[in-house]
Amino acid sequence: MNNYLDTTVDVYKQAALKPDVGLCCTTTPIWQLPELRIPKIMQEMNYGCGSTVHPRDLVNNPKILYVGVGGGMEVLQFAYFSRQKAGVIGIDVVDEMLTACKENLAVAENENPWFHRDFVELRKGTAMQLPVDDNSIDVAAQNCLFNIFTHEDLKQALAEMYRVLKPYGRLVLSDPITENHMPDSLRNDSRLRALCLSGSLSMKDYLQMITDAGFGTVEIRAKRPYRILAPGQYDTEEMIFLDSIEVCAIKDPMPADGPCVFTGKAAIYFGSDEYFDDHKGHILMNNQPLSICDKTAAAIHNLGRNDIYVSESTYFYDGGGCC
């Protein structure tokens, strides 16, 4: 395992020199936006497992950081919302990937009249030591990279993202997770880890690491089936199901009673009064759903009322609601 990062560099060096369409896969559609044309080569080098580009994060010409540039598709998408010099900073440790991304952005400039190459600044660096100033970024993102890291490296990468974000800045992530046991033989396989297959954490552990880094609000925006590691094909006696999860973590103050984690739960009050007020900042209008964080969901459930319905997690949250 000591050389897993070297293996990762080699895997993505080869993926830069010869695009590997099957390296990662996602059911997330590519954004179709007015006047945005994504070159075919960028789509072939889309080595993510979801999307980190959410227009509601990208208002007011934000300063954006993207770690692990791949073929450049997402840095181009981000540049669509930040049309300023170095509005998007792309970081990668693989020289060949930086070169491929640079060449692909030149193609994109020819195909997109609105896009100027200087909208994107590419820098060499690692997620564990970002070449970016403190408190300088509005939106930071990574796609199918952090799941590769071991616990201590992931802890450091999250700390670096927290460092560079402005107060109330957003960290948008997409990674595989699994609720199944991952055998040590797979978890310690540096190539499988580099291929985003064996480093996956459970959702609980993944979210815990994000909140431990200091993020006071965490939103789960999507959860989709991703891959299957089957007996006979991998060193496992049981099926291992991987899901792809899209998360936004906000650098806001940590509440005294712990982070607000939204997993897509909602509450509906259907009693005889016009509304229900828990006197803790949550007002439920009669028969109108309110998105609530898991902490609030537990508190309402513990009231034992028979006129409030609290849903299960949908693993989809897109703003609004409590907190």
Side-chain angles (χ1 to χ4, degrees), residues 1-28 45-52 67-68 70 92-94 96-97 126-128 142-161 173-213 218 220 222-247 249 263 313 315:
M1 277 294 292
N2 290 337
N3 65 345
Y4 87 98
L5 291 175
D6 292 335
T7 301
T8 301
V9 168
D10 184 63
V11 166
Y12 289 94
K13 173 183 175 180
Q14 298 307 316
L17 296 173
K18 182 179 180 181
D20 185 350
V21 177
L23 184 61
C24 292
C25 62
T26 173
T27 57
T28 304
M45 296 179 68
N46 177 20
Y47 302 139
C49 58
S51 177
T52 59
V67 182
D92 210 296
V93 71
V94 182
E96 292 79 4
M97 196 63 81
T126 72
M128 276 74 78
Q142 68 81 28
N143 195 334
C144 214
L145 170 64
F146 281 12
N147 72 98
I148 295 173
F149 296 149
T150 59
H151 183 275
E152 287 304 313
D153 287 343
L154 176 55
K155 182 179 178 181
Q156 179 61 28
L158 288 168
E160 278 290 276
M161 289 293 214
L173 313 97
S174 180
D175 281 303
I177 59 168
T178 184
E179 302 307 319
N180 300 121
H181 171 68
M182 186 72 69
D184 287 343
S185 60
L186 298 183
R187 195 169 291 281
N188 295 331
D189 186 312
S190 60
R191 182 167 179 80
L192 291 180
R193 186 174 277 273
L195 293 173
C196 305
L197 294 177
S198 66
S200 302
L201 300 174
S202 68
M203 182 186 296
K204 178 181 178 181
D205 290 345
Y206 182 78
L207 296 177
Q208 186 69 54
M209 291 201 69
I210 293 171
T211 56
D212 283 350
V218 180
I220 294 181
K223 177 173 174 281
R224 304 179 181 88
Y226 179 60
R227 295 286 179 89
I228 295 175
L229 308 185
Q233 299 175 15
Y234 297 89
D235 185 17
T236 175
E237 296 180 358
E238 299 179 351
M239 299 277 279
I240 300 174
F241 296 90
L242 305 183
D243 290 312
S244 170
I245 189 172
E246 295 177 15
V247 171
T263 62
S313 297
Y315 303 111

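Hydrogens, waters and symmetry mates play no part in the numbers below; they use all other heavy atoms, side chains included. These figures come from a predicted structure and were not determined experimentally.
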So, does [X] use its side chain to make a donor-acceptor pair with the main chain of [Y] at under 3.5 Å?
{"X": "N147", "Y": "P176", "value": "no"}
{"X": "Y4", "Y": "T150", "value": "yes"}
{"X": "D189", "Y": "L192", "value": "yes"}
{"X": "E237", "Y": "P231", "value": "no"}
{"X": "D243", "Y": "I177", "value": "no"}
{"X": "N143", "Y": "C49", "value": "yes"}
{"X": "R227", "Y": "L242", "value": "no"}

Quick one: side chain to side chain contact (heavy atoms under 4.5 Å, CB included) partners of [X], sequence neighbours excluded?
{"X": "D184", "value": "N188"}
{"X": "K204", "value": "S202"}
{"X": "V93", "value": "V9, T126"}
{"X": "A16", "value": "E96, M97, A100"}

Rounded to the nearest 0.5 Å, how far does [atom2] of [Y] lie from [atom1] of [X]?
{"X": "L197", "Y": "L229", "atom1": "CG", "atom2": "CG", "answer": "5.5 Å"}
{"X": "L17", "Y": "Y12", "atom1": "CG", "atom2": "OH", "answer": "14.5 Å"}
{"X": "R193", "Y": "F149", "atom1": "CZ", "atom2": "CZ", "answer": "10.5 Å"}
{"X": "L158", "Y": "L154", "atom1": "CG", "atom2": "CG", "answer": "4.5 Å"}

Could you pull out all residues at least two apart from [X] that satisfy side chain to side chain donor-acceptor pair (under 3.5 Å)?
{"X": "T7", "answer": "S190"}
{"X": "D212", "answer": "Q208"}
{"X": "S313", "answer": "T263"}
{"X": "E160", "answer": "R163"}

Electrostatic pair E246-K223, nearest N-O below 4.0 angstrom: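 Looking at K223 together with E246, the answer is no, because their closest N to O distance does not fall below 4.0 Å.
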Minimum-distance pair of heavy atoms, taken over all atoms of A249 and I210: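 Looking at all heavy atoms of both residues, the shortest contact is CB-CG2, 3.6 Å.
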Close side-chain approach of [X] to [Y], heavy-atom, < 4.5 Å:
{"X": "Y226", "Y": "R224", "answer": "no"}
{"X": "V247", "Y": "V218", "answer": "yes"}
{"X": "D175", "Y": "S244", "answer": "no"}
{"X": "L145", "Y": "V67", "answer": "yes"}
{"X": "M203", "Y": "I245", "answer": "yes"}
{"X": "I240", "Y": "M182", "answer": "yes"}

Flag if over 12 foreign heavy atoms under 6.0 Å of CD, Q14: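 More than 12 within 6.0 Å, yes.
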T52 and Q142: CA distance, side-chain angles, deciding distance, side chain to side chain contact (heavy atoms under 4.5 Å, CB included) verdict: CA-CA 7 Å; T52 59; Q142 68 81 28; over 6 Å; no
Those residues that, when tested against Y234, pass ring pair (Phe, Tyr, Trp, His ring centres under 6.0 Å) (two or more places apart): none
Pairing residues for D153 by the salt bridge (charged side-chain N to carboxylate O under 4.0 Å, His left out) criterion, not counting sequence neighbours: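 Expected list: none.
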